[in-house]
Amino acid sequence: MPRIDPRDLTLEQKASLLSGRDFWTTEPLDEAGVPSLVLTDGPHGIRRQPGDADHLGINESLPATCFPPAVAVGSSWDADVAARVGAAVGREARAFGVSVVLGPGVNIKRSPLCGRNFEYYSEDPLISGILGAAHVRAVQAEGPGASVKHFAANNQETERMRISADVDERTLREIYLPAFERVVTEAAPATVMCSYNSVNGVPAAEHRWLLTDLLRAEWGFGGAVVSDWGAVADRVASLAAGLDLEMPGTGGAGDRAIVAAVRDGDLDEAAVDEAVRRVLALADRAVTATGDVDLHGHHALARTLAADCAVLLKNDGPVLPFASSVRRIAVIGESATSPRYQGGGSSHVHAARVDTALKAMQDLADARGQTVAHARGVGSGGREEAVRVAADADIAIVFAASEPETEGIDRETLELPADQVELIRAVAATALRTVVVLSNGGVVSLEGWHDGVDAILEGWLLGQAGGSAIADLLFGVANPSGRLAETIPLRLQDNPSHLNFPGEQGHVRYGEGVMVGYRYYETVDVPVRYPFGHGLSYTSFQTRDLAVTRTGDDTATVSLTVTNIGERVGKHVIQVYVATDAGPVRRPARELRAFSKVALEPGESRRVELELDRRAFAYYDIELGRWTVAAGEYTVQIGENAARTITEQTITLPGDTVATVLSLDSTVDEWFSHSAVGPALLELLSAGMTEEQAGASEENADQLRMIASMPMRRFLSFTGFAIDDDRLAELIELSRTV
Ligand code: BGC
């Protein structure tokens, strides 16, 4: 499309471009050749509604492929899985004429109760950012734009449209913003979607610091900011803050408010022009529906990818994969025939086709001469039937599912429905061997039945081909390689957000600060059922020859050799954590700073190299207002998971040279420890002391410690040391120059 200069348009024309025409499309400007664009959900499949529109997943949409939702993709720890989902979603978007796919969601799983955790990747910002960026790049390489969401601090559904997330800046910078930052700086999404909630009292839709100072000035975002659906309360304030496109349309109300504000002198027309320029640039993403979509090929892809996402939590025996001696398999539970494979709300996809685990298992069993018997395990007599079927089998597989999760509502408990727990326990008490396959969008508690079963396969929500993927994993056609991207706690109340979730009286205080998920559990040493990063395989891997080499003052390279020492091809996730207590702020016990997934044949070894950039060592210093690397020791740990380190190596970094400018409010200790001022001050003071005074102060160490924390101003007035003002000013000046 030829570039249109906003100054050639009337104010009314410009305003019309800044809000939707209807629910899913933007306003065209036929006279200027500007097309109307379709924006729609996303992110794990296309929800294209030809008829009545809604953003709650109520009305029908066209059949499309439902890929594994983010909860599953997060557990793949594999940017390639995220990218392959993104590329296929991008192709389907093109086929349906969708120009912008809403997603991915890179919000952090602050609490396991967040009802939308199934749409988010992880409790860790590195995983969320790397997978989110891979998804966006892949969608956009196919033509359509992506919309990374929900910016920012949208970590719960309770009161999501009006709660204020009260988060300190270090926590925002280190935990809640880095995934957005990475997606924006590395993948240049066409749009960023602001969230409904307020951040520190200001609605995200009107948050100038977020939408302009940070997003554009600091991160260099060049795309358009779009509102979450209906998030705009004050169109003029939101435009002034940097929100370009209001969705959905409001029947012209927003446009009229913009025009009136410009005419009244309350809004600078230049801000309107800027927003128009960004919305017009979106038209480059205009696609014409081709209708050409390979639903068959995408289904097969969805099956392969889903198998990379499931996490094998436990495998005593090992009972999985099924040994050839297993002849009779009992399949129990409703979700074996009515799978839970996605959550509810705006991301709900009308799946083109849905595989059931039962059918897929029957196919694989037939080919191997095994038999499969099924019992639903519900309704009157259901449990007895299940126990009977289990008693007759060599192994029983219980399919259990959480209560359905949906956008708009947080969960109240981590417990599985009581009847499912009873079913698991009854089967486990009877069967020779019991395997539990879980379907859930948020973490569920394994307590009360974990120890009674032999194996647990955490299937999350695996998309439309999840049933087949589970069968592939159980029979060993595929080897599990997922790792937990979120901790499974022993108790809900162990979660660090517990006392501050979901908030009260309009505010949710992020009181745990940066200690989110495993950062907290590891720092405070709270036992968990399964730590972040945990996941088993049917083969084993050995890690050796770790070498951590500094490549600069604040960067390093990590290399190590990984060998598949088992008998099956498999994928291993290398997890690199950094542990330090350097600097003036409380650091988590360890933080994930790099990861990589490698596929290895039996017996194969590979030397793998990972980069640790400056951020891997930095914390956000609120006094300096920037990322800072403190001088000190940093232990690079290769983790089997966040709780178990396989091997480690410590390096020393010189840290940033930070000029400490002294003032009379700086402490005595800060004055004396200053590299240039300290010696000068000491000389000055000792020159004025009698020998007796000098001896006494050396003896009295306790007093010295007390004095150390005193602001210099107080110290001078309490002790009566006379340093003349000019000399003090000289010393302060000296601190500025070093
Ligand atoms: C959700 C967004 C979604 C939008 C459009 C909103 O309710 O929060 O994630 O993209 O609706 O369906």
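Computed from a prediction, not measured in an experiment: that's the story for all the values here. Below, each value reflects all heavy atoms present in this structure, side chains not excepted, and no hydrogens, waters or symmetry copies. In each ligand, atom 1 is the first atom listed, and ligand 1 is the first ligand listed.
Taking 4.0 Å as the cut-off, W24 counts as a neighbour of ligand 1 on heavy-atom distance. Residue-ligand proximity: R116 is placed with a non-hydrogen atom under 4.0 Å from ligand 1. Within the structure, the closest approach of M247 to ligand 1 does not fall below 4.0 Å when heavy atoms are considered.
For ligand 1, the atoms sitting less than 4.0 Å from at least one non-hydrogen atom of K149 are 2 (C), 3 (C), 9 (O), 10 (O), numbered in the order shown with element in parentheses. Near M193, meaning under 4.0 Å from any of its heavy atoms, are these atoms of ligand 1: 10 (O). Set against the non-hydrogen atoms of L102, the atoms of ligand 1 under 4.0 Å away are 5 (C), 10 (O).
Classification of the Y510-Y176 ring pair by plane angle, with boundaries at 30° and 60°, yields perpendicular.
Considering backbone and side-chain N/O of E119, none are found under 3.5 Å from N/O of ligand 1. At a 3.5 angstrom cut-off on N or O pairs, W229 does not count as close to ligand 1.
Using a 4.0 Å cut-off between charged nitrogen and carboxylate oxygen, R509 and E504 do not count as a salt-bridge pair. At a threshold of 4.0 Å, the pair R519-D124 counts as salt-bridged, since one of the basic side-chain nitrogens sits closer than that to a carboxylate oxygen. In this structure, R21 does not pair ionically with E27, as no charged nitrogen and carboxylate oxygen lie closer than 4.0 Å.
A side chain to side chain donor-acceptor pair (under 3.5 Å) with H150 is found for exactly one of E119, R116, R160, namely R116. Of the candidates E405, E458, R340, E458 is the only one forming a side chain to side chain donor-acceptor pair (under 3.5 Å) with N440.
For atom 11 (O) of ligand 1, the closest heavy atom belonging to the protein is H55 ND1, 3.1 Å. Looking from atom 10 (O) of ligand 1 to the surrounding protein, the closest heavy atom is D41 OD1, 2.6 Å.
Within 6.0 Å of the CD atom in Q493, the count of heavy atoms belonging to other residues, nucleotides or ligands exceeds 12.
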